[in-house]
**Student:** 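To start, I am sharing the structure in question, which I have written as C-alpha cells.
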Amino acid sequence: MAVDMLKKKTLGVGEIGTAIAFGVAILIALMGMIRAEDAPFAFHMAVFAAAAFAGILLIFNRHMNMAVAIPQEINGKPNYNMDVVKFSTLAAIFWGIAGFTVGVVIALQLAYPGLNLDLPWTNFGRLRPLHTSAVIFAFGGNVLLATSFYVVQRTCRARLAGDIAPWFVVLGYNLFIVVAGTGYLLGVTQGKEYAEPEWYADLFLTIVWVVYLLVFLGTLMKRKEPHIFVANWFYLSMIVTVAVLHLGNNPPVPASFFGSKSYVVWSGVQDAMFQWWYGHNAVGFFLTTGFLAIMYYFVPKRAERPIYSYRLSIIHFWALIFLYIWAGPHHLHYTALPDWAQTLGMTFSIMLWMPSWGGMINGLMTLSGAWDKLRTDPVLRMMVVSLAFYGMSTFEGPMMSIRAVNSLSHYTDWTIGHVHSGALGWVAYISFGAIYCLVPWVWQKREMYSLKLVEWHFWVSTLGIVLYISAMWVSGIMQGLMWRAYTPLGFLEYAFIETVAAMHPMYVIRALGGLLFLAGALIMAFNVIMTIRGGEALVPASSNEPQPQPAE
C-alpha cells in the first residue's frame with residue numbers, strides 16, 4: 001500500500017464500544033466509591049474511575065489528532081505497532097528499579113529491624129509482597145508484553161491485531177500493577193503467595209489478560225508467514241496457562257461487593273494444593289516459558305546465528321509444558337497433603353531437569369561459530385550468562401524437591417538463594433539483554449549509547465548476584481543444620497534466636513548484593529535514556545526514501 005493511498009479516519013466501532021465500556025466502568029466505580037465499606041476499596045474505586053475517564057479522553061483525543069486511518073502496510077511493508085512496545089519497555093525499566101529498590105529496603109530491614117520505622121505501610125510484611133509483585137509481575141510482566149508484541153509482529157510480518165486493544169492491554173496491565181501495589185501498602189491482601197491482590201483487582205486482570213490473548217491470537221491469524229516461530233508457541237503457552245492458573249487459584253467469595261475483603265472458595269489442604277499448583281507454575285509458565293520465548297528469539301538474533309536445533313526446541317516445548325504443570329506438590333513435603341501427591345510432585349520435578357537443560361543447551365549451542373562475539377558484545381554475554389543461571393537453577397530446583405534434601409532446605413534461606421539465582425540470574429539477565437536489543441531496534445538507533453556502560457552493568461550486577469546467592473546458600477544450610485541439631489540428651493541444641501543472630505552477617509552481605517544489582521539497573525536506565533535522546537540514528541535524516549514507521 002503506498003503512503004499516499006490512506007483512508008480518511010472515522011470513529012470506529014472499537015473506539016465507540018471501548019468508550020461506552022469505560023463509561024459504564026466509571027458509573028460502577030463511582031457507585032463502589034460512594035458505598036465503600038473500607039477506605040482502601042474507596043481509594044481503588046476512585047483510581048478505576050479516574051483511569052476509565054482518562055481512557056475516554058485518550059480515545060477521543062487520539063481520534064481528533066489522526067486525519068487518516070492507520071495503514072496495515074506502507075509501501076508493501078508491515079506497519080508495525082511499536083508504540084506499545086516502547087511503552088512496555090520503559091514501564092519495565094521503571095518498575096524494575098522500583099522493585100529492586102524495595103528489595104534492598106526489606107533486605108536491610110532483615111539485617112537491621114529498626115528500618116521498619118514502626119509504620120504500618122513500611123513494615124516488612126507489606127513491603128515484601130510489594131517487592132515480589134513489582135519484580136515478577138510489574139518488571140517481568142512488562143518485559144513479556146514488550147517482547148511478545150515485538151516478536152509476534154516481526155515473526156508474523158503483520159501489524160498487531162486491533163487498534164485500541166493492544167493499548168488496553170499494556171495500560172490496563174499497568175493499572176492493575178498500581179492497584180495491587182498500593183493495596184499491599186494499605187494492607188489489602190489475600191495472603192496467597194504470588195497472588196496477593198484482592199478480588200476486584202483479580203477480576204480486572206482477568207479482563208486484561210483475555211484481551212491480551214485475543215490480540216496475540218489475532219496477530220497469529222493474520223500472519224504473512226505460513227510457519228509459527230517457536231518463540232510464539234512459548235508465549236502462547238504462557239498466556240493460556242497463566243489464565244488457567246489465575247482462575248483456578250482465585251475463585252473469590254467477596255465478604256461484600258463494596259469492600260476489599262474476600263475469601264477463596266478452597267480451604268485447608270485443598271487451598272494449599274491449589275496455591276502451590278499456581279505458585280510453582282507461575283514460576284514455570286510466567287517466569288520460564290515466557291522468558292524462554294525471549295531466549296529463542298533474541299539470542300539467535302543477537303548472535304546472528306540460527307537456532308542450534310529447531311527440532312530440539314519443539315521437543316523442549318512439549319516436554320516442558322507437560323511436565324511442569326505437575327510439579328507444584330513438592331512445595332508441600334511433610335504437610336497434610338497425601339504422600340502420593342507429594343511423591344508425584346517430586347517425581348515430575350526431577351523429570352523436569354531433562355527438558356530444562358535441553359532448552360539451555362539449545363540456547364548455548366546457538367553460539368556455535370560465534371563464541372568470539374562474547375568478547376566484544378556485553379549484551380550477548382549477559383544473555384549467555386542468563387542461560388548458565390537457568391541451567392544451574394533448573395538443576396538445583398529438582399534436587400531441592402527430593403524429600404530428603406527438602407527436609408534440610410525448606411523454610412530456610414537456601415530456598416531464597418535458589419529463587420534469586422533464577423530470578424536475578426535467569427529472568428532479569430535475559431530481560432536486560434532483551435531491553436538492550438529492543439531499545440535501539442524500536443527507537444531506530446544504530447546501537448546503545450554506550451556498550452561500556454553495558455559492560456559496567458554486567459559486572460556490577462553479576463558481583464551483586466554472586467554475593468546475594470552465596471550468602472543465602474550459606475545462611476540457609478546453616479539454618480537447616482542448626483534447627484535440627486540435638487544435644488546428647490535429645491533437646492534442641494540452639495534456640496531460634498541463636499539462628500537469627502548467626503545469620504546477621506549473611507543478611508548484611510545479601511543487602512550489599514542487592515544494592516549492587518540495583519546500581520546495575522540504574523546504569524541501564526541512564527544508558528537507555530541517553531540512547532533514546534541522543535543515540536546515532538539508524539536511518540540518516542537526509543534519506544528521501546519513505547520508511548515504515550510505527551503509527552502515531
Side-chain angles (χ1 to χ4, degrees), residues 51 54-55 58 62 80-100 133-156 159-181 204-205 207-219 231-232 234-236 238-239 242 286-287 289-295 297-298 301 427-445 448 521 524-525 527-529 531-532 549-552:
L58 286 173
R62 180 172 176 269
Y80 298 125
N81 182 358
M82 291 302 171
D83 286 342
V84 289
V85 177
K86 291 178 180 180
F87 179 89
S88 295
T89 302
L90 296 178
I93 296 170
F94 170 80
W95 289 119
I97 291 172
F100 303 151
S133 293
V135 173
I136 295 171
F137 298 113
F139 169 66
N142 273 287
V143 169
L144 289 173
L145 288 176
T147 57
S148 64
F149 281 161
Y150 180 87
V151 171
V152 75
Q153 290 186 90
R154 299 294 303 209
T155 57
C156 292
R159 183 181 173 85
L160 272 180
D163 186 16
I164 301 296
W167 279 110
F168 175 75
V169 172
V170 296
L171 294 175
Y173 187 80
N174 282 276
L175 174 61
F176 162 76
I177 295 300
V178 170
V179 170
F204 177 68
L205 177 61
I207 298 169
V208 171
W209 206 257
V210 169
V211 177
Y212 180 26
L213 174 62
L214 294 176
V215 170
F216 199 86
L217 284 175
T219 309
N232 293 321
F234 278 91
Y235 281 127
L236 197 57
M238 179 271 296
I239 298 169
V242 166
F286 196 86
L287 298 178
T289 59
F291 290 88
L292 282 169
I294 296 174
M295 181 274 287
Y297 182 86
F298 286 87
K301 194 78 173 175
V427 173
Y429 263 22
I430 198 70
S431 299
F432 293 154
I435 289 170
Y436 282 130
C437 290
L438 276 179
V439 168
W441 292 349
V442 299
W443 272 276
Q444 296 193 335
K445 305 294 183 179
M448 289 298 298
M524 179 187 71
N527 206 358
V528 167
I529 291 169
T531 303
I532 295 170
Q549 297 287 337
E552 296 298 333

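What you see is a predicted model, and the numbers here were worked out from it, not measured in a lab.
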**Student:** Do we see a donor-acceptor contact under 3.5 Å between the side chains of W167 and D83?
**Tutor:**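 Checked: W167/D83 side chains show no N/O donor-acceptor pair below 3.5 Å.
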**Student:** Dump the intermediate steps for side chain to side chain contact (heavy atoms under 4.5 Å, CB included) on T289 and Y235, then the final yes or no.
**Tutor:** CA-CA 7 Å; T289 59; Y235 281 127; over 6 Å; no
**Student:** Side chains of T89 and N142 only: does a donor on one sit below 3.5 Å from an acceptor on the other?
**Tutor:** no
**Student:** On a heavy-atom basis, which atom in N81 and which in Q153 lie closest, and how many Å separate them?
**Tutor:**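 Looking at all heavy atoms of both residues, the shortest contact is N-OE1, 2.7 Å.
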**Student:** So do the side chains of Y436 and N527 get within less than 4.5 Å of each other, counting heavy atoms only?
**Tutor:** yes
**Student:** Going from CZ on R159 to OH on Y80, what distance comes out if it is rounded to the nearest 0.5 angstrom?
**Tutor:**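 The distance works out to 11.5 Å.
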**Student:** Could you tell me whether a side-chain N or O of S88 sits under 3.5 Å from a main-chain N or O of L145, the two making a donor and an acceptor?
**Tutor:**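 Judged by distance alone, no pair lies under 3.5 Å.
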**Student:** Answer with yes or no after comparing the ring centroid distance for F100 and F139 against a 6.0 Å cut-off, counting only values under it.
**Tutor:**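 Yes, close enough.
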**Student:** Before we go on, tell me: are the rings of F137 and F286 under 6.0 Å apart, centre to centre?
**Tutor:**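 When the ring centroids of F137 and F286 are compared, they turn out to be within the sub-6.0 Å range.
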**Student:** Given the side-chain rings of Y150 and W441, with only the six-membered ring counted for Trp, is the space between their centroids under 6.0 Å?
**Tutor:** yes
**Student:** To the nearest 0.5 Å, what is the distance between CD1 on I294 and NZ on K301?
**Tutor:** 15.5 Å
**Student:** At what distance, to the nearest 0.5 angstrom, does CD1 of I136 lie from CG of L287?
**Tutor:**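 Separation between the atoms: 5.5 Å.
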**Student:** How are the rings of Y429 and F432 set to each other: parallel, tilted or perpendicular (split at 30° and 60°)?
**Tutor:**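 Rings of Y429 and F432: tilted, 30 to 60°.
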**Student:** What I'd like to find out is whether the side chain of V215 reaches to under 4.5 Å of the side chain of F168, using heavy atoms alone.
**Tutor:** no
**Student:** Go through the steps for M448 and V528 under the test side chain to side chain contact (heavy atoms under 4.5 Å, CB included), then give the verdict.
**Tutor:** CA-CA 7 Å; M448 289 298 298; V528 167; 4.1 Å; yes
**Student:** Looking at every heavy atom in both A525 and I93, which two are closest together, and how far apart are they?
**Tutor:**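 In this case the closest contact between A525 and I93 is CB-CG2, 3.9 Å.
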**Student:** Looking at F87 and N174, what are the two nearest heavy atoms and their distance?
**Tutor:**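 Where F87 meets N174 most closely, the heavy atoms are CE2-ND2, 3.6 Å.
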**Student:** Looking at every non-hydrogen atom in both residues, tell me the closest pair between G140 and F291 and how far apart they are.
**Tutor:**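 G140 and F291 have their closest heavy atoms at O-CZ, 3.7 Å.
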**Student:** Should K445 and V439 be marked as a side chain to side chain contact (heavy atoms under 4.5 Å, CB included) after you check the CA-CA gap, both sets of side-chain angles, and the distance that decides it?
**Tutor:** CA-CA 8 Å; K445 305 294 183 179; V439 168; 6.0 Å; no
**Student:** Run the side chain to side chain contact (heavy atoms under 4.5 Å, CB included) check on L438 and K86 step by step: do they pass?
**Tutor:** CA-CA 9 Å; L438 276 179; K86 291 178 180 180; over 6 Å; no
**Student:** Is there a side chain to side chain donor-acceptor pair (under 3.5 Å) between Y212 and S148 once you walk through the steps?
**Tutor:** CA-CA 10 Å; Y212 180 26; S148 64; 2.7 Å; yes
**Student:** Check whether any side-chain N or O of W209 sits under 3.5 Å from a backbone N or O of I239 as a donor-acceptor pair, and report yes or no.
**Tutor:** yes
**Student:** Check I177 against A138 and note the closest heavy-atom contact, atom names and distance.
**Tutor:** CG2-CB, 3.6 Å
**Student:** Which atom pair, heavy atoms only, marks the closest approach of A231 to Y297?
**Tutor:**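 Nearest heavy atoms, A231 then Y297: CB-CB, 4.4 Å.
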**Student:** Quick one: does I97's side chain get under 4.5 Å of M524's, heavy atoms only?
**Tutor:**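 When only atoms from C-beta onward are counted, M524 and I97 do not touch, as no gap falls below 4.5 Å.
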**Student:** Atom CD1 in I532, atom CH2 in W443: separation rounded to 0.5 Å?
**Tutor:** 4.0 Å
**Student:** Please round to the nearest 0.5 Å and tell me the distance separating atom CZ of F149 and atom CG of L160.
**Tutor:**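 It comes to 5.5 Å.
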**Student:** Just to verify, what does Y173 make a ring pair (Phe, Tyr, Trp, His ring centres under 6.0 Å) with, not counting sequence neighbours?
**Tutor:**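 Here no residue qualifies.
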**Student:** Please round to the nearest 0.5 Å and tell me the distance separating atom CG of L58 and atom CG of L171.
**Tutor:** 7.5 Å
